[in-house]
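These notes concern the structure reproduced below.
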Amino acid sequence: MRERVKELKAAERPGKAGDESAVLEKFAAMSAPDRAMGERLHAIIKASAPALSPKLWYGMPAYAKDGNVVCFFQDAQKFKTRYSTLGFSDKAMLDEGHMWPTAFALKELTPADEARIGALVKKAVS
């Protein structure tokens, strides 16, 4: 809860550079496997959808368009799970029929996974 209060106060202050710094600091504080995955996801998301702005969202690295979170990264260590998660909010344009996935478990990133993530992020902001 305290993290969320800090995030809301930081959001009142303008400055994308500060938001990205906070996200990079969050990655730096993660365990080695989560940190490496998070930093790689950060690069993929920035390359795939430059319109997205990094920010912290409930203490998690997230990426927003026009102030609305589109996707986010949950590290395994913080949530005491066996895998990290790349999640998409309802603002992501991933609609496909009547049912589609909005979160993906990540244990490692292969080149094929990276390509799929890049495509998903592009679709999410389209």
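All residue numbers in this chain count up from 1 along the given sequence. All values below were derived from every heavy atom in this structure, side-chain atoms included, with hydrogens, water molecules and symmetry-related copies excluded.
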message: Does F79 have more than 12 heavy atoms from other residues, nucleotides or ligands lying within 6.0 Å of its CZ?
response: yes

Can you list the steps and then say if K91 with K65 is a side chain to side chain contact (heavy atoms under 4.5 Å, CB included)?
-> CA-CA 9 Å; K91 302 299 181 198; K65 181 178 178 184; over 6 Å; no

_F88 with M93, same ILVMFWY side-chain cluster at under 4.5 Å_ = no

**Item:** Trace of the side chain to side chain contact (heavy atoms under 4.5 Å, CB included) decision for D19 with S53
**Value:** CA-CA 8 Å; D19 290 339; S53 302; 6.0 Å; no

Given side chain to side chain contact (heavy atoms under 4.5 Å, CB included), test V121 with I44 step by step and report yes or no. CA-CA 9 Å; V121 171; I44 293 166; 5.6 Å; no

**Request:** For S84 and D34, indicate whether the former's side chain and the latter's backbone hold a donor-acceptor pair under 3.5 Å.
**Result:** no

dist D75:CG -> R35:CZ (nearest 0.5 Å) comes out at 11.0 Å

query = Just wondering, do L120 and L86 contact through their side chains at under 4.5 Å, heavy atoms?
reply = no

Sorted by chain and residue number, the ring pair (Phe, Tyr, Trp, His ring centres under 6.0 Å) partners of Y63 (sequence neighbours excluded) come out as H42

Distance col, row M30:CE vs K78:NZ, nearest 0.5 angstrom, shows 8.0 Å

Flag side-chain contact, heavy atom, 4.5 Å: F104 against R116 = yes

Mind running side chain to side chain contact (heavy atoms under 4.5 Å, CB included) on T85 and L106 for me, showing each step along the way? CA-CA 6 Å; T85 304; L106 304 171; over 6 Å; no

